[in-house]
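For reference, the structure is listed below as structure tokens.
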Protein chains: 2
Amino acid sequence: MSASSPAQAASDTKPRKTARYQVDQAVRRALLTGRFIPGKAVTLRGLAQELGVSPMPVREVIQRLAAENALEIRSNGRVQVPEMSPRRFDEILTARLLLEPELAERSLKSLKPADASKLEAIDQRIDESLGTGDSESYMRLNRDFHFHIYQAAGSEILLPLVNSLWLQFAPYMRTVYGRVGTVNLIDRHKEAIQAIRDGDATALREAIAKDIEDGMGILGREGLPSP
Amino acid sequence: MSASSPAQAASDTKPRKTARYQVDQAVRRALLTGRFIPGKAVTLRGLAQELGVSPMPVREVIQRLAAENALEIRSNGRVQVPEMSPRRFDEILTARLLLEPELAERSLKSLKPADASKLEAIDQRIDESLGTGDSESYMRLNRDFHFHIYQAAGSEILLPLVNSLWLQFAPYMRTVYGRVGTVNLIDRHKEAIQAIRDGDATALREAIAKDIEDGMGILGREGLPSP
DNA sequence: TTGCAAATTTTGTGATCACAAATTACCACT
DNA sequence: AGTGGTAATTTGTGATCACAAAATTTGCAA
């Protein structure tokens, strides 16, 4: 569940039952699991028909996601997932390293032992998905892991910013995993869990930062023309 | 001019002549100069009529700005500028301090003497507007100053994030200036200009950070219930 | 005057239509 | 077979309509 939820205010916790909300959730899920191919055009009526609604709510959702830079509206009106560039990749990495450790630290005091256990369970399923090479499951679980932490901060500003960043790099990472697989992936999830159990802010920041660098720094630039 | 422009891709520099784009620019301007009152409802048809268009493009723009957390869509569908809270204020300050110095440093190598002169001219007009107490001019000019720097980085990720932050605190700051005036405002613009002339990254980061703290830290919490 | 309930208006949501621009398909011609 | 241009289709954009939910106003009684 996205924490910086669309179509609803931060202080107003009702999902609503609008078609727009359904479409928004569906498209976000699709982006995060890499079901849209960067550079490939996505059409309004196509999406609408696929989701069984009129083009109307789809139009609003596309504007919404375009504002978060998760979708790109070309000058001719065509919509597509933005293609990754070395420049963008570097900036996303920088922004993640600035924001996510801060957000994790702010969550620390709200995270309880039950959360650590929950995170451990997620991490175990991540290891399994790495073994089977199911990259879509891996991406979903990895996001669950990070946002289960971040969510605890109850953040209204930082969390949406981070959410926007994930929306931007996820589709690209999917193509990377498709090429090189997920077997060589390493993460710092166990260090993070330990830091949460210890209530150690510095260690948690470090674990998150390292995790980001391991995930994006090593694998990520695969196939990108050098900056 | 907003750098993270709406309705157009980053790599695709054409403003287009759509009604949506006009509406978007108009609403953004209104938000940045504080012409919308936080907490006050803004209606679809009202905006549409005021701007001389059908409700259609307005709906898309509202979704767009809601995605950036510049507008809030309540659970009943009503739209308003979010009200400030100590929590939000603190988070915005944190995020600004993390992102803006970084963005400034990245702009440094692209900033030429002509830019320093341009910034000096803006800063002089800022001083004038502070004297006359014209807070709307002050807000516009102060934004021009910061974004003239940030824009130079050619950033596709950090700049939109920062842009979103400004959209979120601007309406509130307007109400603060309305209460306490702008006379007591101090800034670090001259230090920033000097740092740009010297090509001194550390000094520029410091000037930007101090400027943010002076602007928000001292005046900003005015009238907010303590966290 | 005050409190409450019914009626009226306003508002967001979704669908459909009209239109122009862009894309794609097609076919004649060299 | 390759190429150029024209026709057909698809696409985004904007406006209008219908509907239900919400907010506002109105009216009446205590």
Side-chain angles (χ1 to χ4, degrees), chain A residues 5-27 36-37 39-83, chain B residues 5-27 36-37 39-83:
Chain A
S5 282
Q8 70 166 328
S11 59
D12 209 326
T13 51
K14 265 195 255 169
R16 303 212 62 193
K17 56 186 191 316
T18 67
R20 181 177 64 219
Y21 182 77
Q22 295 176 6
V23 172
D24 189 293
Q25 292 297 321
V27 177
F36 290 143
I37 297 148
K40 208 76 175 181
V42 42
T43 67
L44 259 169
R45 289 173 172 88
L47 255 183
Q49 186 169 356
E50 190 175 330
L51 298 172
V53 295
S54 92
M56 207 48 254
V58 177
R59 287 169 66 170
E60 294 182 315
V61 169
I62 288 193
Q63 292 302 319
R64 192 172 258 278
L65 290 164
E68 300 185 47
N69 290 305
L71 290 178
E72 179 181 340
I73 302 182
R74 311 288 302 260
S75 64
N76 56 9
R78 283 322 244 297
V79 179
Q80 64 177 55
V81 175
E83 296 194 71
Chain B
S5 282
Q8 68 165 327
S11 58
D12 211 325
T13 51
K14 266 193 255 171
R16 303 212 62 191
K17 58 184 188 320
T18 68
R20 181 176 64 220
Y21 183 76
Q22 295 176 5
V23 172
D24 188 292
Q25 292 296 324
V27 177
F36 290 144
I37 297 147
K40 208 76 175 179
V42 43
T43 67
L44 260 169
R45 289 172 171 89
L47 256 183
Q49 186 170 357
E50 189 175 330
L51 298 172
V53 296
S54 91
M56 205 50 254
V58 177
R59 289 169 66 170
E60 294 183 316
V61 168
I62 288 195
Q63 292 301 318
R64 194 171 257 277
L65 290 164
E68 299 185 47
N69 291 305
L71 290 178
E72 178 181 339
I73 301 183
R74 311 288 300 263
S75 64
N76 57 9
R78 281 323 244 295
V79 178
Q80 64 178 54
V81 175
E83 295 192 73

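Throughout, protein chains are lettered first and strands after them, A, B, ... in sequence-line order, and every chain is numbered starting at 1.
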Within this structure, what is the CZ-to-P distance between Arg59(A) and dT16(D), rounded to whole angstrom? 14 Å

Closest non-hydrogen contact found for Arg45(A) with Pro55(A) is CG-CG, 4.4 Å

For the pair made of CD1 in Ile73(A) and C1' in dA21(C), what is the distance, rounded to whole Å? 16 Å

Could you report the tightest heavy-atom contact between Glu60(A) and Arg59(B), atom names first, then the distance? OE2-NE, 3.3 Å

So does Arg78(B) get a side-chain nitrogen or oxygen closer than 4.0 Å to the phosphate oxygens (OP1/OP2) of dT11(C)? no

With nearest nucleotides of DNA chain D determined for Glu60(B) and Arg45(B) from heavy-atom distances, which residue corresponds to the more 5′ nucleotide? Glu60(B)

Assign Val42(A) to base, sugar-phosphate, or nothing according to its heavy-atom contacts below 4.0 angstrom with the strands shown. sugar-phosphate

Between atom CZ in Arg74(B) and atom P in dT13(C), what is the gap in whole Å? 14 Å

In whole angstroms, the gap separating P of dT13(C) from CE of Met56(A) amounts to 10 Å

5′-ward residue of the pair Pro57(A)/Val79(B) relative to DNA chain C: Val79(B)

Using whole Å, report how far CD of Gln49(B) lies from C1' of dT11(C). 14 Å

Euclidean distance, Arg20(B) CZ relative to Arg64(B) CZ, rounded to 0.5 Å: 6.5 Å

Under 4.0 Å, heavy atoms only, any strand: does Val23(A) hit a base, just the sugar-phosphate, or nothing? nothing

What heavy-atom pair brings Ile37(A) and Val81(A) nearest, and what distance separates the two atoms? O-CB, 4.3 Å

Between dG14(D) (C1') and Tyr21(B) (OH): distance, integer Å: 19 Å

OP1 or OP2 of dA23(D) versus the side-chain N and O atoms of Asn76(B): is any pair under 4.0 Å? yes

Between dT13(D) (C1') and Ile62(A) (CD1): distance, integer Å: 13 Å

Taking only the side-chain heavy atoms of Ala19(B) (C-beta and beyond), determine which of dG14(D), dA15(C), dG12(D) contains the nearest atom. dG14(D)

